[in-house]
Amino acid sequence: MKNLGRWIGVACMVAVPAAAIFYLYSKPEAGGGREVEEGPPYVPPPLYSGPPEEGLSFASQADPKKTDARSFAHLALYVPEGERASSFLPEGAFTATFKGKLKVPTRDRYTFTFVGTGKFELVVHEKTDKTVVTADGSAEHASGKRTRLKRGEHRFTARYTSPAKGPAILRVYWECSEFAREPIPQSALGHGASESLAQFSRWRSGRRELYWQRCGQCHAEETRGPVAPSLGGVGARLREDWMAQWIEDPDTTRMPKVLHGSSASADAADIAAFLATQGKASTAPQFTDDDRERGGVIFADSGCIACHTLPEHHDEATVANRVKLDIVAAKFHPAALVDYLRQPDRHSPRGGMPNFGFDESTAQALAAFLLSRSGANAPPSVSGDAARGKRLIATKGCVSCHGIAVQNEMRAPGRAVTKNGSISCRVAEYGLSAEDETALQEYLARRPGGSPIAVETAEYGMQRGRCTNCHGWRGEEPLLVRVRGETAAFAEEDPEAGVQHLPPDLTYTGSKLRTEWLVGWLKGEAKDRPRPWMHMRMPVFSLDPEAFARGFAFAAGYGPSSAKPHWRDGTALVAATMGTDFDAEPASLADLVKIGEKLIPRDGGLGCIQCHGVGDRPAQEVFEAPGINLQQTPSRIRKEFFHRWCLDPLRIDPSTKMTRFTDAEGLTGLTDVLEGRGQAQFEAIWRYLESLPR
Amino acid sequence: MKTLVAAISSFLLVILLQVPCAAQKHPHAMTYGPAMAGTWQALWPRDNFALKGVSIRVGGAESSAQVIFDTELLRVSAIALDHRQELRGTAYDGAHGPGLKIVGNQVLATPVGPGWAFAGSFNDPRLIPHGPLPKTWGRYKGLYLHGQKVVLRYDVGGCDVLEHFEVSGKGDGRLLTRILDLGKSTKQMTMMVGLRQGARPKVIGTNLVVLEYEVKATGIASTEKAGRAWTDLAMGAPSNNDYADARSGNGVETRFVEGFGKPDKKSGAEGSNLPRLHDGFAARNADDRDRTTWFRGRGPARMVTDLKKTIHIGQINTFSRHRNQRAPQRYILYGSAAAKAPDGKAKNPRRVGWKMITSVDSRSLGNGGMHGVRLAKGEGTIGQYRHLLWISRHKETFFTEFDIYDAENKPRNSSPGRRGSYVTGVALSGAPAGAKLEVTDGSVRLKLPARGSREQLKLVFFDCSGDSFANVKKKVAALAPATSLAAMTKGGPRRWSDGVRTKGALGRGKGAYVVDRLGIPSDGETASHLRFGGFDFFSDGRAALSTWNGDVWVLSGIDAKLENLKWKRFATGLFDPLGLRIVDDVIYTLGRDGINRLHDLNGDGEADFYECFNNEVLMTKSFHEFAFDLQTDNEGNFYFSKGGPVRPGGRGFDKLVPHHGCILKVSKDGSKLEVFATGLRAPNGMGVGPNGEVTSGDNEGTWVPACRLNWMKKGTFNGCVDTAHLPTKPTMYDYPICFMPMRIDNSGGGQVWVTTDKWGPFEGDLLHLSYGKSTLFKTMREEVDGVTQGGVTPFPLKFTSSAMRARVHPKTGQLFVCGFRGWQTNAVKMTGFDRVRYTDKPVRMLTALKTARDGVYLTFTCPLDKETAEDPESYEVEAWNYLWTRKYGSPEVSTVGADPKANKGAKPKHDAWQVERATLQADGKTVFLKLPDIKPVMQMRVKFDIDAADGEKVKSELHSSIHRLPK
C-alpha cells in the first residue's frame, strides 16, 4: 500500500503540476522586468510515441495517431455521444487503455462486472494473466467468472473500445465474500508515472497558464483568459495607498508586475492617484462592539478559517493554501468591504472568493470583525499625479485586462511566443513556477489545441475553488479539520462538533449525487439544504456548475441523471449492478409504496425516523449524528448509491454513525417484510420517498 | 384563577382528555399502576423536581388526583387535584431532554428540602442536593400496593411512618386526604406540609390553615379563555379596528420566517405573508381552517410583523382556537425599532438586535377552546417598535388573529380576565392532642408531640373559591377519624389477569449454536410496553424480566419445545429498571432510583411490597443517566453501572455528581453503597465472574474513542475524564481488555460468564454483548506484565432484537439473551428474548489469544488443515489507534508517526501488518502468526479464512488490543 500511495502521489504531481498551492503562492525570483536572455534556441522535447504506459491512454479510432493520456482515479468513463473523450482527442469513437495496479484487500474469490456500452476486457496480471471480465458490446452489463485473487497489489490492463453510436459508458464493479457489488473504489486503484502522462500533462498545464495569465488579453490568442476585476468606481472601494503598493509590487501569481526600474514607485503612486478619483467612498458604517463580536462568531461558524487565516496573522507558517486577511483594513474602504462581502463577484466575477449570500447585517458584522483585527499592516502613505497616472494606465497595458474608461494605447503584439528558451513578454512579469513556465513554453511551441473536457474542468475547478479545504477527498481530511481550532475562542458552534458538522466528503460525488441537483446546489438554487443543522454553508463559486457536475459524474462512469426513470439510472440497471432482481418482486408499485411507508417508523419498521426527518415529520431521537431529511433523497442522490449506502453504510463512510441493517446475506431483522430481504426493503423505501411531493 | 375554575368545572372532560399530548404520540398505550416512579417535575416552585419521585394516583381512574412523593427527601413535593401528566423522555416518546411532569391543577408543593425536620431544622443536610437524607434523619422503606391503593413506608428519626392518600368529593368541594399512621416517637416531630406559590398562609385555630390567593395577571401578559363566544373574553373579541388590521390602511404584514415551521398549506399564506392574522375575522368553530393560521415542520415557527413605521404599541391581543393542544398559545415576542428588521433567523435574536418583550404561555388554561392573550402594561405602553418577531414554541397553535393597538387607541375593555380571591386550605383532622399546624417562613408545618404508641391522623387539602369555603369546612369537620393502615400492608386483591400464553420458535440452523425465539405477547395483549432490559432465573427455571417502562414479568414454561410459555405481570411502576437479579428466589431490580426488592406478600403472583433495598445512588434529572444491569459476586454483594448524564445530542455531560459513570457496589444486606470504579460514559451492562471479576462495556462518545470492554478492579479509571471523580485530571486511562471499532460494536451491552459445561467448549469464558450491533462475542484474555488484554470474536448468530443482557439457565445450562430497541441499534424488533442453544455439533471458532514478542498465537476450538493454516495469505492483519479526546468518538488512525496520547499528527488510516509466517503448533489447533510490525496498539484486527481439519470453513475475525508485549 505504501507503494501505491507513492504512485498516486507521483501521478498527481505529474498530472497536476500547477497544484493550486504552487500556483497561487509561489513568488518569482527577485529581479526587475524580464530581459530576453541570449542562449541556444529553444527546442521542444520530442513527441512521446511509445507503447501505452501506466495511466489512461486514448487513441482515436478514426485516426489512431491522435492520442492523449491522463491520470485516472476510477476504472470508469462516460463520454456523451458527439463529445470528446479527452482534451486532445477528436470527437468520435475511441479506444481507451487503463494500466495500473489493483489493490486486492483480501485473498478471496472476486467477481468483476462490466456495466456500460462498447467492448471491454479487464486482465489482472497475477502469477498468470487472468481475464476477469470481458464484454463484447452486445449487452449493457456482463459479469466474469469468480476468480481467486491473492491479497496485494496486482498490475492490470483494461481495454475499452467505445461503441460507434451512443454514449461511451464504462463502469467496473467487483464483489467478494467480504463486500457486496460496488464500483471498484478509487482507494483500490493506482498507477505510476509515465513519460506520455507527463507530456500530455504539461500541455494541459501550458494551456491553462495561457488562459489564467490572460496572455490573450494582449496577444492574438483565441483564449482570452478570465475577466479581471473591474476598475470602474474603484476609488470608492479600495484605498489609494494600498493600490499604489499593490501596483508597484503585486502578488504576481494574481497580477503581473508592469512597473519596473527606479520610477516604479512614483508611477505606481500616480496610477493609484488616478484610480482614487474613480468614485467616491461611501460613509463608513457605524460599527458597534456587538457587530465586531457577532462578526467573529460568523467568521468562525461559517468556516472562513478554512480558506483564510485570521486577520491578525501575518506569518507564512499558518497559511497552507489559505488567503491572508491582514491587509483588509489597508485595502478596503469600510462600506465597500461590506458590499464586497455581500457580493464578492460583483466587480471581480472570476475572483476566488465565493458568494455566501450574506445579508447586509451579517456582512456588516463580518466587516467590523475583519477591520478591527487587521489594522497593523498599513502601507506607506503616497500622493501621486493623477493625470500622469491616467497616461500610464493607457500605455502600460492595464486596460487590456481591466475594465475602466481609459483608451488603451498599448500596441497589440502578435501571438504569444517563446524565444530562446524563455517566454518572451517584454511588458509584464508573471509569477510562473519553473514547471508552469516549461509547460507554457511547450504548449506554445506545439500548440496542440483542444479544450478541457468536463472531467478536467472539474478536477482543476476543485483546486481553484479550494474544495478540499472544507471537504474530505479520497481519504484525506479537509484542511478545515486541522485549522478549525484557530477560531475556537470565538466560535459559537461546539468546537468538538463531529464529522457531521463538517461539509460532506466529496470522494463519491460522481456516483452519489444526481447531476441536476448538484448543478442547482452549486448555483445556490437548491430549495432545501441537506444539512440544515450545519452552521457552515455552501457558497456559490465562480465555476461552471454544469461542467463541474458533469465532470464528477463522467469520471465515475455515470451520465447526467435524467429526471425520468431510465435504464442508466433506473431500477433495471440498479438491479443488474446490485445483483438483485427487482422484477421478481410480487408487490405492485402501490404496494411497495405502502410497505416503504411502514418501514420508516421505529415500530414495525427500520426506524429511519429516529435520525432522519421525512418532509414535515422531524427526526425523533437524534443523538450525535443528525440525518438528512429523506424527502429530498430521490431528487438528490442516485438510486444505485442509495441502495449501496443502505446495504452497508460503513463500507462507504467508515465515520458514519448510521448503522448497518443487513447481514452478510443481505437480510435485515424485519423478517416479516418482503421476506427480510434488505435490498427489497430499501427499494420499497425508495419508492415511498419517490411518491412524496417535492 | 381561570385555571382552577376550568379544571374543576370541566372535570369530567379533563378526565377524558387526561392523556397528554406527548403520550398520544407514544404508540404504546400502557396502563401504569397506581404508583409510578420517576423523576417528577412539579409546576412550581421553580425546579421542584422529585429526583427519585413516585407519582401516586389517588382515587380510581374515574376521579383521580395525584401526589408526588420524593423518596430521597421524604416530602410530598406536589399535590394536584387532578391527574394530568406529561410522559416524555427516551423511555416514553423517545424525546431527548424532557421528562415526566404534572401539568394539572397543582394546589400545594413543598420546597426542595427535607420533608421532616431533624432537631428542629429543615436545612438540607446533604453536601450536594442529591441522594437520600442521612439514615439518622430518615429513610424511605418502600411502598405497599393494595389493589389500586398505595401505602408508603418510611422512617423518620427512628419513627416508623405509614402514609396513604384518599380523595373525595367533586368540583369545588373536592378533598384530598393524607392519612399518616405514625409509630412511637420519643421526640417531637415537625413535618413540612407545604406552600402555595403566591399565597399567604393564615392559621385559623390549631387545625386549619388557609392560603388565600388572588388571581391576577403576571408580567404584561394575561391569558384567558372564552366560555362560549369570543365576546366572553374580558379583553374583547378579535378586532377589525386595530392598527394592524388590513382595513386600517397601515399596511401591516406578518410574514413567516423561512427555515422554521412552515404554515400549513391550508393556512392561506400568500408567499411568506400570513394575511389571516390581520383580517379581523375570528375562527367560527374549533376547526375553522378558513380563518386560522397554523404551522408544520421543523422546530418552532417564527413570524415577523412589519408595522411599516415605528409606533408606540399600547396593547397586543392574540387569539387562537382549536381542539386539544392546538389551542394554547406559547410564544416569545421580540421587538425592534430599527428601520430594517434584524435577522429573524438568528439563533439568539437578542444578539442581532431584537429586544425581548415577553413570553407567553396559555397552557395553564387547559387544552382546547378559545384562548386570548393580552399584552399590556397598565396605563403605559409596551414600547416603541417597528418590527415584531414571534417565536411560537408550539408551532401547531391555531392562531386566528393578532391585534396590535397603538398607544392612543388602546381598547378600554381590557381588564385582564376574571380576578378573584381563592383559598387553598390545609386542615388537620383527628390529630393527637398537642398536634398543630403552624406557619413559618411562608410554609405550613405540622408539629407533632412525642408518642408512646401508634397514632393516626388526617391532613386534608382543598382548593375552592371564597363562596364555597364554608361548605368545605363543614365537610372537613364531618370526616371520619383516621384508622390504622396496617391492614393494607399485607397484600391486596390481584390487579392483573393470570397471564398471557405464547409459543416459541425453535431455531433451525445447522451450526453448533442455534437461536430459539421465545414468543413475546403483543403490547395490546398486556396493556404494557414490553421492552426487556434485565432478567434472571428462579431456581425452578422460571424467568423474571424487567421492562424499560417499569414492569416485571414472570415467564414460566421454558422447556425444550417452548410451546407453553406463560407471561404473568408481577410488578409495574418501577423507575427504568434495566437490571434484574434473583437471589434466593427473590427478585431485585435495579432502576435509576437504586435497588428495589419485590415481595409477593400474599402469594397471588403479584408483588405487593416494593421494598427500597438501597437508594443511595446519586442521580440528577438528566434524561440520559441510566442505571444498568444488576449482578452479584460470590459473597452476595451487588454491582451495577451508572451512566453519565449525557447531554441531548450526545456530546458532553450535564451536571455531574459523584456516582455518574461509575460501577457501584452494594453490600449483601443493602446497607452500604460504594464506588467501585469510575470513568465510564454510558455502560449499558456489566458482568461479574465466578471469582469476582468485574467487567463492563462502554459506548463510544466523549472521552471514549471507541467502545471498550472494561476489566476492573477497585478504583479502576475507565477513560472518561468527566466522570473520573479523581482529585486531578487523569492523563491516562486504565486499559480495557480491548477496544472495538464502530463496525463491530457501537454500543455495548452486558457480559456473562459461561458457568457450565453444557454449553459447548467455553466453560469459564467471558462473553460480551453488543447492543448496537446485536451481537454475541466470545472474549479472549491474557495477562502481560500485570495488564489484562485480549480481544473478541463474534458468534455467527442473529437475535430477535438487540443483545443487552445474557444469563445461563440454571437447569439446562443454555444461554438466554434479551434486548430491546430504545436508542440507536441495528435491531429492528422492539424486544426479544432468545435462547442460544448448543446443538452438540462441532464448534469451529477462535477461542484463545496469546501475544508473543514477535507475533500472536491463535487457538481454535477444532483441529486445523495444515495447508491453509500455514498459508500467510489466509490471514489479514491490520492495526490502528484511536484518539483519546473529549470529542465524540475517534477516527481510526495510523499507529505510525503519531503519538496517540498527543492526539495529533495521526492520519485516518489502518496499518497493514505483514504476516511473515504462519506456523501450526503441535496441538494442531494453534497457529503462530509471525508479525514483524507487532507493537502495542489500541486495535489489531486479524481476519482469517482457513479450513478445519475436517474441511469445513473457519472464517471470522478477531478485534483485540495490545497494551503490552511480553519481554
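Just so it is clear: chains get the letters A, B, ... in the order the sequence lines come, proteins before strands, and each one is counted from 1.
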Just checking A:Q286: does its CD atom have more than 12 heavy atoms from other residues, nucleotides or ligands closer to it than 6.0 angstrom? no

Measuring heavy-atom distances to chain A, does B:E258 have an atom under 4.5 Å in its side chain, in its backbone, in both, or in neither? neither

Quick one: what part of A:Q620 sits under 4.5 Å from any heavy atom of chain B, side chain, backbone, both or neither? backbone

At a 4.5 Å cut-off on heavy atoms, which part of B:V646 comes close to chain A: side chain, backbone, both, or neither? side chain

Flag the pair A:S655 / B:E892 as yes when at least one side-chain heavy-atom distance between them is below 4.5 Å, and no otherwise. no

What are the two closest non-hydrogen atoms of A:D663 and B:K798, and how far apart are they? OD2-NZ, 3.0 Å

B:E876 and A:R107 ion-paired at < 4.0 Å: no

Report yes if some heavy atom in the side chain of B:T825 is under 4.5 Å from a heavy atom in the side chain of A:T659; otherwise report no. no

For B:P796, is it the side chain, the backbone, both, or neither that has a heavy atom closer than 4.5 Å to a heavy atom of chain A? neither

Please give me the minimum heavy-atom distance between B:V828 and A:F661, naming the atom from each residue. CG1-CD2, 3.9 Å

Can you tell if the side chain of A:L670 reaches within under 4.5 Å of the side chain of B:K829, non-hydrogen atoms only? yes

Separation of B:E873 CD from A:K150 NZ (nearest 0.5 Å): 4.5 Å

Measure distances from A:D108 to the heavy atoms of chain B and classify the residue's part below 4.5 Å as side chain, backbone, both or neither. side chain

Can you say whether A:P601 sits under 4.5 Å from chain B via the side chain, the backbone, both, or neither, judging by heavy atoms? neither

Engaged part of B:Y875 at the chain A interface, taking heavy atoms whose separation is under 4.5 Å: backbone

So for A:T106, is it side chain, backbone, both, or neither that comes closer than 4.5 Å to the heavy atoms of chain B? both

Select, from B:G652, B:G701, B:G94, the one with the greatest count of heavy-atom pairs under 4.5 Å involving chain A. B:G94

Hey, which of A:R482, A:E360, A:E293, A:E178 has the most heavy atom pairs under 4.5 Å with chain B? A:E178

A:V297 side chain reached by B:R351 side chain, heavy atoms, under 4.5 Å: yes

Looking at B:R743 and A:L650, what are the two nearest heavy atoms and their distance? CA-CD1, 3.9 Å

With chain A as the partner, which of B:G772, B:A346, B:G650 has the greatest number of non-hydrogen pairs under 4.5 Å? B:G650

Hey, is NZ on B:K955 packed in by over 12 heavy atoms from elsewhere, all under 6.0 Å? yes

Please say whether more than 12 non-hydrogen atoms of neighbouring residues, nucleotides or ligands are located less than 6.0 Å from CZ in A:R537. no

Hey, is NZ on B:K943 packed in by over 12 heavy atoms from elsewhere, all under 6.0 Å? yes

Of the non-hydrogen atoms in B:Y888 and A:K657, which two are nearest, and what is the gap between them? CD2-NZ, 3.8 Å

Between A:E476 and B:K909, does any NZ, NE, NH1 or NH2 come within less than 4.0 Å of an OD or OE carboxylate oxygen? no

Do A:R660 and B:M742 have side-chain heavy atoms sitting under 4.5 Å apart? no

Closest heavy-atom contact between A:Q610 and B:G822? NE2-O, 4.5 Å

